[in-house]
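Here, residue 1 is the first one in the sequence, and each next residue gets the next number.
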Amino acid sequence: MDRFPINARLSLEELEGVRWDPPAPGATSLEQSVHGLRKRPVNELTGWELARLIGQQVGLDFLVPLAVDRLTTEQDQGRTFLDDDLLTALLSCGDHFRDNDPHLALRLLSFIDSLDDEGPYLPPLVAKFQQAFPRP
């Protein structure tokens with residue numbers, strides 16, 4: 001299911017065609033944040049905000065391709081900062097890749113291969129993701 005490229009000037013609400021009810025009184029700050037982020041154009045979301053939505057399994061059909069593209073594009077442009085929150089969120093949704101776009105999983109694996117240092121927390125997630133997507 002290839003929904004990328006998308007009109008990134010639209011919000012998740014607009015892309016999905018679904019408007020959520022407002023958060024219930026007493027909703028947690030996470031719930032309030034997720035509701036608010038769904039109303040913002042996806043091209044204005046920061047890496048941390050994308051990670052938050054992906055981590056909550058919200059808008060994956062639209063946000064996963066966007067997030068993979070953002071990570072790989074920033075690397076191609078020579079940026080050395082690794083958004084490990086975003087990478088962690090992506091590595092944690094292997095089922096979505098398997099069920100919807102294994103090609104994106106391979107693109108993410110290629111990105112991971114190019115990293116000089118994964119840091120101390122990513123290797124177990126990377127290993128699990130690599131096992132789920134053996135290379136052809």
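The side-chain heavy atoms of Ser11 and Arg38, taken from C-beta on, include no pair separated by under 4.5 Å. For the pair Asp101 and Val68, the minimum side-chain heavy-atom distance is 4.5 Å or more. Taking 4.5 Å as the limit, some side-chain heavy atom of Arg52 sits within range of a side-chain heavy atom of Ser33. Side chains of Trp48 and Leu86 form no contact here, defined as non-hydrogen atoms less than 4.5 Å apart. Leu10 places none of its side-chain heavy atoms less than 4.5 Å from the side chain of Pro41.
Distance alone, capped at 3.5 Å, places no donor-acceptor pair between the Gln131 side chain and the Lys128 backbone.
Atom CG of Leu60 is separated from atom CG of Leu53 by 9.5 Å, given to the nearest 0.5 angstrom. Once rounded to the nearest 0.5 Å, the distance linking CG of Leu122 with OG1 of Thr88 reads 4.5 Å. In this structure, CZ on Phe62 lies 11.5 Å from CD on Glu14, to the nearest 0.5 angstrom. The OG1 atom of Thr73 sits 10.0 Å away from atom CZ of Phe111, with the distance rounded to the nearest 0.5 Å. For the atom pair CG of Leu109 and CZ of Phe129, the computed distance is 5.5 Å after rounding to the nearest 0.5 Å. Between the CG atom in Leu87 and the CD1 atom in Ile112 there is a gap of 5.0 Å [rounded to 0.5 Å].
Shortest non-hydrogen contact noted between Ala89 and Gly55 is CB-N, 4.2 Å. In plain terms, the two heavy atoms of Leu30 and Gln56 that are nearest each other are CD2-NE2, 3.5 Å. Pairing each heavy atom of Arg9 with each of Asn43, the nearest pair is CG-ND2, 3.8 Å. Nearest heavy-atom pair, Gly94 versus Phe133, reported as atom, atom and distance to 0.1 Å: O-CZ, 3.4 Å. Leu12 and Gly59 get closest at one heavy-atom pair: CD2-CA, 3.9 Å. Between Ala27 and Gln32, the shortest heavy-atom distance links the atoms O-NE2, 3.1 Å.
Test Leu63, Leu104, Asp61 against His96 for side-chain contact (heavy atoms from CB on, under 4.5 Å) and you get one pass: Asp61.
In the hydrophobic clustering of this structure, Tyr121 does not group with Ile54; members are Ile, Leu, Val, Met, Phe, Trp, Tyr whose side-chain heavy atoms approach within less than 4.5 Å, directly or through other members.
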Yes or no on side-chain contact (heavy atoms from CB on, under 4.5 Å) for Leu91 and Leu108, after CA distance, side-chain angles and deciding distance?
-> CA-CA 9 Å; Leu91 290 171; Leu108 186 59; 4.2 Å; yes
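Thr72 and Arg107 share a donor-acceptor pair across their side chains, judged by distance under 3.5 Å alone.
The environment of CZ in Arg40 is crowded: more than 12 heavy-atom neighbours from other residues, nucleotides or ligands sit within 6.0 Å.
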